[in-house]
Amino acid sequence: MKASFEKNWANGNCGAELDSPEVERLISVTPSQNQLRLASKPFYLFVHFGMNTATHREWGVGTEKPSDFKIKKINADQWARCARSAGATGIILTCKHHDGFCLWPSRHTDFSVKNSPFKGDIVEQVSSACRKAGLDFGVYLSPWDMHEPTYGTDAYNDYFCAQLTELLTGYGAVSEVWFDGAKGADAKAFEYDWQRYYELIRKLQPQANIAVCGPDIRWVGNEGGKTRKSEFSVVPAYLKMAETVSENSQHSESDSANMKKKTSTDEDLGSRALLSGCKELCWYPAEVDVSVRRGWFYSKKTNLTVKSARKLFKIYLNSVGNNCTLLLNVPPNDKGVVGFREASALRRLGKRIERLYANPVIVEKFGMLKNTDGCLDFEFDSPKKIKYAVLKEDIRFSQRVEKFDIYLKKENAGYSRAFSGTVIGSCKIAPIRGGKCTGARVVIRQSRSAPVIKEIGFYE
């Protein structure tokens, strides 16, 4: 076993270049301050609520009237409590979906809550509930608008920016602005002025991240909670515009179901081989968007499809624990509350996440490793049965680790390999199986220059 330990980043680097101009180019790509904040709050909720909730549809049809929104009240505080119980740190609200109905009293259209049976401003109620609960608040505004007469003309970009301005100036701090490129197959051919939208957000909410048709957070490539084996944050710069191209986006309601079956659009987005041919690179972390039930809006027909806490925890491990953020959709029902099934699943999910970190055996902080740190050893104060190892790079220095192994030190002083991984990034949660052990050894096999490790922890 000694020979295998010697094959680490400081002794051969698995045959990859450790230091070179190309390596320097790769590690020069680092996150912005907004992206660093995102990495510290990697789990938040999507709340799909609107006209589709009242009409029991996934996508609107464009002929709805304000009077069709018959929901008269919501319990935004309960939505916030559900988020907190799950361990989420924020809520992103669908302020306007594809049907064009606005959950705030927009001055630029009559198609909003101001002309419906609902008396009040839903965006204000949700943003206020988030502030009271200590949660971040984000907004979703659909670029595609079935209802607005100016859609498909240059005037629509003015209309869209006017509505975006209302959302970014009337409801306090906005942590994330979420766009998608969904557009019906029969929608008018029209190119959105994305750069104008981005510039407006940077001006009005400079601390907001822009996803997924945006420059700060990329879509993971599916809506089924799946991620890549190696989820890189340093990727080709052209990916920033990939989702703004209409042929890459949804064209019908049924496309959403198909996306749940896909694993990824491209498996390799950040290997050395792939990046060597790309002149421009960027820091573009992946966000996993997945719904707690089948479909994005509430429907009685899908009540039995609510995911169990066990399934949600698996998605958490595969997203937050795999260098991604998790955007979990929890749609309130037509009574304006998060249903019992969802609320219960979220509570149990939160408890599972708490248990993951409840019993730390050892947590050590590091920094930039020396060339004598090929193996990182951990000694426990007594024999332990480890369930998880949590590894974090200091991403201020980019994403460097490309391959690592975790070994458990047995009571007879021998070692057994418990986990093999590739990238680490902001967080890697490694499930550990094995009997009792008296310590552990982490061997970083391959890295882009010297690894910069924020911390490594082992948990019972």
Side-chain angles (χ1 to χ4, degrees), residues 7-10 12-19 22-31 35-36 38-40 42 217-222 225-236 239 263-276 278 281-288 315-326 366 368-369 373-374 376 388-407 417-432 442-457:
K7 296 178 181 179
N8 55 60
W9 72 272
N13 205 38
C14 285
E17 286 185 310
L18 181 61
D19 295 294
E22 174 63 7
V23 170
E24 288 299 317
R25 185 177 79 100
L26 297 181
I27 65 174
S28 70
V29 182
T30 56
Q35 290 169 324
L36 280 172
L38 174 75
S40 69
I217 307 169
R218 67 178 167 86
W219 182 47
V220 76
N222 65 87
K226 301 176 180 66
T227 58
R228 297 164 180 80
K229 178 182 178 181
S230 300
E231 203 64 73
F232 287 95
S233 296
V234 178
V235 296
L239 288 177
T263 55
S264 326
T265 51
D266 288 301
E267 180 62 26
D268 180 10
L269 294 181
S271 71
R272 293 193 193 206
L274 181 117
L275 297 184
S276 65
C278 300
L281 307 177
C282 64
W283 185 274
Y284 203 27
E287 180 180 85
V288 175
I315 292 173
Y316 178 90
L317 294 177
N318 199 41
S319 54
V320 174
N322 194 30
N323 193 41
C324 300
T325 55
L326 172 60
F366 294 89
M368 185 172 290
L369 301 186
D373 294 330
L376 301 175
Y388 298 98
V390 180
L391 304 89
K392 298 180 180 181
E393 289 185 75
D394 189 338
I395 59 173
R396 294 177 301 168
F397 300 89
S398 194
Q399 183 181 9
R400 300 190 176 202
V401 176
E402 294 174 309
K403 188 177 181 181
F404 70 97
D405 288 320
I406 300 174
Y407 293 82
R417 189 166 61 185
F419 188 87
S420 290
T422 57
V423 302
I424 294 176
S426 60
C427 181
K428 181 67 179 183
I429 302 176
I432 302 296
V442 174
V443 185
I444 298 176
R445 302 290 186 183
Q446 185 176 318
S447 180
R448 299 172 181 179
S449 191
V452 186
I453 304 300
K454 187 175 183 179
E455 68 175 42
I456 298 175

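If you read the sequence from its start, that first residue is 1, and numbering goes on from there.
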What residues form a side chain to side chain donor-acceptor pair (under 3.5 Å) with E17, not counting sequence neighbours? S20
Hey, could you give me the CD/CD1 distance between E231 and I424, rounded to the nearest 0.5 Å? 15.0 Å
Under 4.5 Å between any side-chain heavy atoms of E393 and P451, yes or no? no
To the closest 0.5 Å, what do you measure between CZ (F397) and OG1 (T30)? 9.5 Å
Just to verify, what does S420 make a side-chain contact (heavy atoms from CB on, under 4.5 Å) with, not counting sequence neighbours? D405, R417
Identify, with sequence neighbours excluded, every residue that meets side chain to side chain donor-acceptor pair (under 3.5 Å) alongside S447. none
For S271, give me all partners under side chain to side chain donor-acceptor pair (under 3.5 Å), at least two apart in sequence or on another chain. D268
Nearest heavy-atom pair of I27 and S398: which atoms, and what distance? O-CB, 3.3 Å
Please enumerate all residues that pass side chain to side chain donor-acceptor pair (under 3.5 Å) together with Q35, with sequence neighbours excluded. S32
Heavy atoms only: give me the nearest L275-L281 pair and the separation to one decimal. CD2-CD2, 3.8 Å
Interatomic distance, CG@N8 vs CD@Q446, rounded to 0.5 Å, equals 11.5 Å
I'd like to know if the side chain of S319 reaches the main chain of C324, judged simply by a donor and an acceptor atom lying under 3.5 Å from each other, with no hydrogens or angles considered. no
Residues in salt bridge (Lys or Arg N to Asp or Glu O under 4.0 Å) with E402, at least two apart? R272, R448
Going through the distances and angles, do I453 and I444 end up as a side-chain contact (heavy atoms from CB on, under 4.5 Å)? CA-CA 10 Å; I453 304 300; I444 298 176; 3.9 Å; yes
Between the main-chain N or O of N318 and the side-chain N or O of T227, is there a donor-acceptor pair closer than 3.5 Å? yes
So, using side-chain contact (heavy atoms from CB on, under 4.5 Å) as the criterion, who are the partners of S426 when residues are at least two apart? A39, N323, I395
What's the spacing between I456 CD1 and F366 CZ if we round to 0.5 Å? 4.5 Å
Shortest non-hydrogen pair, N322 vs K428, comes out as OD1-NZ, 3.1 Å
Rounded to the nearest 0.5 Å, what's the gap from CD on E455 to CG on L391? Could you check? 9.5 Å
Could you work out, with salt bridge (Lys or Arg N to Asp or Glu O under 4.0 Å) as the rule, every residue matching E22, not counting sequence neighbours? R25
Should M368 and R400 count as side-chain neighbours, where that means a heavy-atom distance under 4.5 Å? yes
Just by modelled atom types, is the I217 backbone N or O under 3.5 Å from a matching donor or acceptor in the E287 side chain? no
With sequence neighbours excluded, tell me which residues meet side-chain contact (heavy atoms from CB on, under 4.5 Å) with R396. L36, D394
For a quick test of reading the model, state the closest non-hydrogen atom pair linking V401 to T422 and the distance between them. CG1-O, 3.8 Å
With V235, which residues qualify under side-chain contact (heavy atoms from CB on, under 4.5 Å), at least two apart? R218, F232, L239, L269, C282, Y284
For the residue pair C14 and K403, what are the closest heavy atoms and their distance? SG-CD, 4.4 Å
Should I432 and Y388 count as side-chain neighbours, where that means a heavy-atom distance under 4.5 Å? no
Residue pair W9 / D373: nearest heavy atoms and the distance that separates them: NE1-O, 3.2 Å
